[in-house]
Amino acid sequence: MVSTSPPLAEALATGPVVLDGGLSNQLEAAGHDLSDALWSARLLAEEPEAVVRAHLAYYEAGAQVAITSSYQATFEGFARRGIGAEQAATLLARSVELAREAAGRAAAGGVAGPLYVAASAGPYGAMLADGSEYRGRYGLSVAELERFHRPRLEVLTAARPDVLALETVPDTDEARALLRAVRGLGVPAYLSYSIAGERTRAGQPLEEAFALAADVDEVIAVGVNCCAPDDADRAVRLAARVTGKPVVVYPNSGESWDAEARAWCGSPAFGTDRVAGWAADGARLIGGCCRVGPDVIAELAAGLGG
């Protein structure tokens, strides 16, 4: 099913649009083990209905955009599991189809639209599954990174999502590669960095990072995700000022992961008062990332009048 909604860029021009929360959060809450290197992408082949139900939970909570389960889905990652290129392409396309199926079920169940699908393209480091997605600096050139990303983006584009989600990007080299790779594909994109303070995870100033997308016509929103809510506060204002584009923001809950104890600690710092501030500062695509579930998205949507 192809979306018949107004283009997402038009929706962003009229006011805030609600993104979903952490897909892994909802899948784990439903009892699925995501410790595999393919993360949620494993379920594309093994339990596609679980992915549909996870997306549906967010649509029913008030999300208007579902981000697909393709963040860690790559030809290289699938190849390590003995999955050939043809089947890998089928699974990538399926990630968009499953989110679209969830949107259809949500609409049939009375959820008001428009409902959109964002096809996730995670960074090169997500394929490595070694934590380097939060460091960047892979030792690859911009051209090499573009060659990695382009085939996956072409397959996702052919599945007709409403937008490509170039998300959790840790450094400016990878951003340059992704911005080259989306040119001419015919589908809009948003670019979202993972950050620490006022720098990318690789240490470059955010002003420099955001500026890369300022004049790229394919990019309809620029911002941050998978970061602390406090860091998002400053980043939203900066992205709006530097690019003049709508801002996308979907940070983590604010809790931190204790690797030794293998448990989350601290208190959530993601509240509706903070979300209103993001909207006032130029954020138009607003949701949550790790540890942000449907209950929080429901509060966010209500607070934004969704």
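Count residues from 1 along the sequence. All values below come from the heavy atoms of this structure, side chains included, with hydrogens, waters and symmetry mates left out. Bear in mind that the values here come from a model prediction, so they are computed numbers and not experimental data.
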Asks: Above 12 or not: heavy atoms from other molecules or residues under 6.0 Å from CD of Glu49?
Replies: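 Count over threshold, so yes.
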Asks: Tyr134, Leu206: one ILVMFWY side-chain cluster at the under-4.5 Å cut-off?
Replies: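 No; Leu206 is not reachable from Tyr134 via cluster members.
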Asks: Given 3.5 Å as the limit, does a donor-acceptor pair link the side chain of Ser132 with the main chain of Gly136, or not?
Replies: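 Side chain of Ser132 to backbone of Gly136: no pair is present.
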Asks: For the residue pair Thr200 / Gln204, report whether a side-chain donor-acceptor contact shorter than 3.5 Å exists.
Replies: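 Thr200 and Gln204 do have a side-chain donor-acceptor pair below 3.5 Å.
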Asks: Could you tell me whether Arg150 and Glu154 make a salt bridge, using a distance below 4.0 angstrom between a side-chain N and a carboxylate O?
Replies: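 Answer for the salt bridge query: yes.
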Asks: Give me the atom names and distance for the closest heavy-atom approach of Met127 to Gly77.
Replies: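 Looking at all heavy atoms of both residues, the closest pair is CG-N, 4.0 Å.
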Asks: Using every non-hydrogen atom in the two residues, find where Pro123 and Glu133 come nearest and quote the distance to one decimal.
Replies: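 Closest heavy-atom pair between Pro123 and Glu133: CG-CB, 3.7 Å.
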Asks: Are the side chain of Tyr116 and the backbone N or O of Pro6 linked by a donor-acceptor pair below 3.5 Å?
Replies: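 Checking the backbone N and O of Pro6 against the side chain of Tyr116, a donor-acceptor pair under 3.5 Å is found.
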Asks: Is there a side-chain contact between Leu98 and Thr68, using heavy atoms and a 4.5 Å cut-off?
Replies: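 A side-chain contact is absent here, since even the closest heavy-atom pair is not under 4.5 Å.
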Asks: What's the shortest heavy-atom distance between Arg100 and Leu115, and which atoms?
Replies: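 Smallest heavy-atom distance, with atoms named: NH1-O, 4.4 Å.
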Asks: Are the side chains of Leu19 and Ile286 in touch, meaning some heavy atoms are under 4.5 Å apart?
Replies: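 No. Closest side-chain heavy atoms not under 4.5 Å.
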Asks: Are the side chains of Arg237 and Arg241 in contact, using a 4.5 Å heavy-atom criterion?
Replies: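 They are not in contact (no side-chain heavy atoms under 4.5 Å apart), so the answer is no.
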Asks: Do Ile297 and Val292 touch side chain to side chain, with heavy atoms closer than 4.5 Å?
Replies: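 The answer is yes, as the side chains (C-beta and beyond) meet within the 4.5 Å cut-off.
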Asks: Does Glu10 reach the side chain of Thr14, with side-chain heavy atoms less than 4.5 Å apart?
Replies: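 No, too far: nothing below the 4.5 Å cut-off.
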Asks: So Val247 and Val222, side-chain contact (heavy atoms from CB on, under 4.5 Å) or not? Walk me through it.
Replies: CA-CA 5 Å; Val247 176; Val222 181; over 6 Å; no
Asks: I'd like a table of donor-acceptor pairs (distance under 3.5 Å, sequence neighbours excluded) in which one partner is a side-chain atom from residues 164-171, with atom names and distances.
Replies:
unit_1 : atom_1 : unit_2 : atom_2 : d
Glu167 : OE1    : Tyr250 : OH     : 2.5
Glu167 : OE2    : Ser120 : OG     : 2.4
Thr168 : OG1    : Asn225 : ND2    : 2.9
Asp171 : OD1    : Asp173 : N      : 2.9
Asp171 : OD1    : Glu174 : N      : 2.9
Asp171 : OD2    : Arg137 : N      : 2.8

Asks: Answer yes if Val216 and Val142 sit in the same cluster of Ile, Leu, Val, Met, Phe, Trp and Tyr residues linked by side chain heavy atoms under 4.5 Å apart, and no otherwise.
Replies: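 No; tracing contacts between hydrophobic side chains, which count when under 4.5 Å, never links both residues.
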Asks: Can you find a pair of side-chain heavy atoms, one from Leu12 and one from Ile220, that are under 4.5 Å apart?
Replies: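 They are in contact (side-chain heavy atoms under 4.5 Å apart), so the answer is yes.
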Asks: Do you know the tightest heavy-atom contact between Tyr71 and Ala126?
Replies: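 Minimum heavy-atom separation between Tyr71 and Ala126: CE2-CB, 3.6 Å.
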Asks: Around atom CD of Glu198, are there more than 12 heavy atoms from other residues, nucleotides or ligands closer than 6.0 Å?
Replies: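 Count not over threshold, so no.
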Asks: With a 4.0 Å cut-off on N to O distance, would you call Arg274 and Asp230 a salt bridge?
Replies: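 Result for this pair is yes, salt bridge flagged.
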Asks: Under the ring-ring contact (aromatic ring centres under 6.0 Å, His included) test, which residues partner Tyr59, sequence neighbours left out?
Replies: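 Scan of Tyr59 (ring-ring contact (aromatic ring centres under 6.0 Å, His included), adjacent residues dropped) gives none.
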Asks: Let's go through Arg199 and Glu208 carefully: what are the C-alpha distance in whole Å and the side-chain angles of both, what is the deciding distance for side-chain contact (heavy atoms from CB on, under 4.5 Å) to 0.1 Å, and is it a yes or a no?
Replies: CA-CA 9 Å; Arg199 292 180 174 270; Glu208 169 192 333; over 6 Å; no
Asks: Answer whether the closest heavy-atom distance between the side chains of Val17 and Leu8 falls below 4.5 Å.
Replies: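 Answer yes - side chains close enough.
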Asks: Counting N and O atoms only, with roles assigned by atom type, does the side chain of Arg284 sit under 3.5 Å from a partner on the main chain of Pro16, one being a donor and the other an acceptor?
Replies: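 Here the side-chain-to-backbone pair does not exist.
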Asks: Taking only residues at least two apart or on different chains, which pairs with a member in residues 144-190 satisfy ring pair (Phe, Tyr, Trp, His ring centres under 6.0 Å)?
Replies: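 Counting only pairs at least two positions apart or across chains, the ring pair (Phe, Tyr, Trp, His ring centres under 6.0 Å) contacts touching residues 144-190 are Tyr124-Phe148.
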Asks: Side chain of Ser141, backbone of Glu144: donor and acceptor closer than 3.5 Å?
Replies: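 Yes; at least one donor-acceptor contact below 3.5 Å.
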Asks: Look only at the side chain of Asp162 and the backbone of Val117, and say whether a donor-acceptor pair between them is shorter than 3.5 Å.
Replies: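 Side chain of Asp162 to backbone of Val117, a donor-acceptor pair under 3.5 Å: yes, one is there.
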Asks: How about Val296 and Phe270: do any of their side-chain heavy atoms sit closer than 4.5 Å?
Replies: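 Yes, at least one pair of side-chain atoms sits under 4.5 Å.
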Asks: Okay, side chain of Lys245, backbone of Val219: is any donor-acceptor separation there less than 3.5 Å?
Replies: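 Yes; judged by distance alone, with no hydrogens or angles, the pair exists.
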Asks: More than 12 foreign heavy atoms under 6.0 Å from CG of Asp295: is that the case here?
Replies: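 Yes, the 6.0 Å shell around CG holds more than 12 heavy atoms from other groups.
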Asks: In terms of hydrophobic clustering (I, L, V, M, F, W, Y; side-chain heavy atoms under 4.5 Å; direct or indirect links), are Leu56 and Leu23 co-clustered?
Replies: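 In one cluster with Leu56: Leu23, no.
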